[in-house]
Amino acid sequence: MLSHLMIGQTLYFGDSLFYIVTFLLLMWIVKIFAWGPVTKMMQDRADKISNDIDSAEKSRTDAAGLVQQRQAALANSRSEAQTIVSDAKTNGQQQREQIVTQAQTDVQTMKQNAQKDIEQERQDALSNARDDVADLSIEIASKIIQRELKGDDQKALIDSYIEGLGKQHES
Amino acid sequence: MSDDPVSTFQFLGLTFSTANVVSGLVVFVLIVAVVFFTSRKLAMKPTKGQNFLEWLIDFTNGILKGSISAGDVGKFGLWGFTLFMFLFISNELGLFIQVATRGGAAIVRSPTSDPIATLTFSLMTMMVAQFAGVWKLGYKRHFTNYLKPFVFWLPISIFEEFTNFLTLGLRIFGVIFSGEMLLGVIWDLAVSHGIATMVVAIPIEMIWQGFSLFLGAIQAFVFVTLSSVYISQKLEVEE
């Protein structure tokens with residue numbers, strides 16, 4: 001049909017059929033041996049790479065989140081520590097004030113007691129001394145009265161008085 | 001060359017050219033071997049053979065992506081890959097092996113130096129394009145594309161199908177056939193006057209072989225590129 005158009009070539013239509021069959025067979029074999037497995041592998045690789053990228057992105061955000069958490073925890077613990085320290089400080093302050101007040105009241109009480117004691121003691125001493133003076137006066141008076149009756153024994157009276165006074169002091 | 005005898009045989013009432021059948025089988029076996037041995041031990045981290053095969057697949061997919069939209073490339077990937085491999089090996093085969101009978105009838109040569117082979121592939125491309133158009137757009141929209149931009153365009157649209165078919169097949173045939181013919185002519189020159197012409201002709205022959213190698217690769221690339229263009233034209237509704 002077309003053969004007269006070709007320079008020195010003849011067309012053989014069987015060849016056409018042969019090439020079509022060969023080509024289809026070749027396509028089938030290529031698909032089974034190479035195309036299928038290789039494209040699958042390429043697809044798998046592409047998937048894996050995109051997965052890896054995704055998981056890398058995920059772990060990056062995870063790490064960022066962890067860093068944030070850690071920083072928050074750090075800040076938290078720092079403020080907690082500050083609270084603890086300030087609490088301790090106020091506690092100490094309070095305790096100190098308490099102790100000081102306690103001590104002051106104690107001292108006050110002790111001072112008052114001591115003053116009371118001293119007053120008591122003084123009163124006792126005073127009353128003792130008064131008693132002594134009264135006794136002494138009575139004694140002196142009785143001795144003076146005795147001597148006046150005798151008249152001239154004044155010297156002896158004074159001496160004995162003095163002697164008695166000295167004895168009084170010694171006792 | 002035009003008066004070279006051709007070896008033929010009859011099978012199922014059809015005439016076959018021995019050269020085409022044998023060369024086609026050689027190409028077939030070569031591709032199966034390449035594809036088989038490069039696809040052993042596939043791994044996530046590719047080794048030599050797998051790297052080569054993946055590079056080839058990426059390459060042919062890249063050709064298709066040039067004109068077909070990304071969503072449809074996957075459907076034509078295998079076809080583009082096999083077509084490119086077949087045409088490339090076919091183009092280069094005749095540059096390395098040329099076997100002829102004692103009478104001068106070729107047995108092994110580039111299958112693509114025969115128009116029946118190239119026109120077969122061209123016809124396959126046209127059929128794939130038609131099929132893809134119907135598959136993508138449905139019968140109605142596919143065939144109304146022939147009436148666009150206006151109804152009187154119909155004869156031109158139909159004529160265009162034939163010219164696409166012929167130019168696609170004959171371009172590659174012309175380049176490969178002429179390349180091989182020139183190789184033969186240079187060889188005839190080489191043996192015509194003994195040593196003197198041999199010394200001159202052999203470097204020319206080598207240069208031409210290298211150039212034909214380049215042309216064969218280019219033609220395989222162009223064939224697949226144009227095929228994908230023709231298919232992509234059928235995949236979209238013309239405005």
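In what follows, chains are A, B, ... by sequence order, proteins preceding strands, each numbered from 1.
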Gap between atom CG of B:L53 and atom CE of A:M41 - 0.5 Å precision: 12.0 Å

Distance (rounded to the nearest 0.5 Å) between B:F86 CZ and A:L26 CG: 6.5 Å

B:W208 CH2: over 12 foreign heavy atoms closer than 6.0 Å: yes

Engaged part of A:K40 at the chain B interface, taking heavy atoms whose separation is under 4.5 Å: neither

Aromatic ring pairing A:F33/B:F36, orientation class (parallel under 30°, perpendicular over 60°, tilted between): perpendicular

More than 12 heavy atoms of other groups within 6.0 Å of B:W135 CH2: yes

Structural part of A:I32 lying under 4.5 Å from a heavy atom of chain B: neither

Nearest heavy-atom neighbours spanning A:T22 and B:F28: CG2-CD1, 3.6 Å

Enclosure of B:F131 CZ (heavy-atom neighbours >12, cutoff 6.0 Å): no

B:L25 portion near chain A, given a 4.5 angstrom heavy-atom threshold: both

Check: A:M42 and B:D58 side chains under 4.5 Å, non-hydrogen atoms: yes

Portion of A:I29 that has a non-hydrogen atom of chain B nearer than 4.5 angstrom: side chain

Close side-chain approach of B:W79 and A:F23, heavy atoms under 4.5 Å: yes

Rounded distance [0.5 Å steps], OG1 in B:T118 versus OH in A:Y19: 10.0 Å

Distance (rounded to the nearest 0.5 Å) between A:M27 CE and B:M124 CE: 9.0 Å

For the student: nearest non-hydrogen atoms of A:S16 and B:T120, plus distance: OG-OG1, 3.0 Å

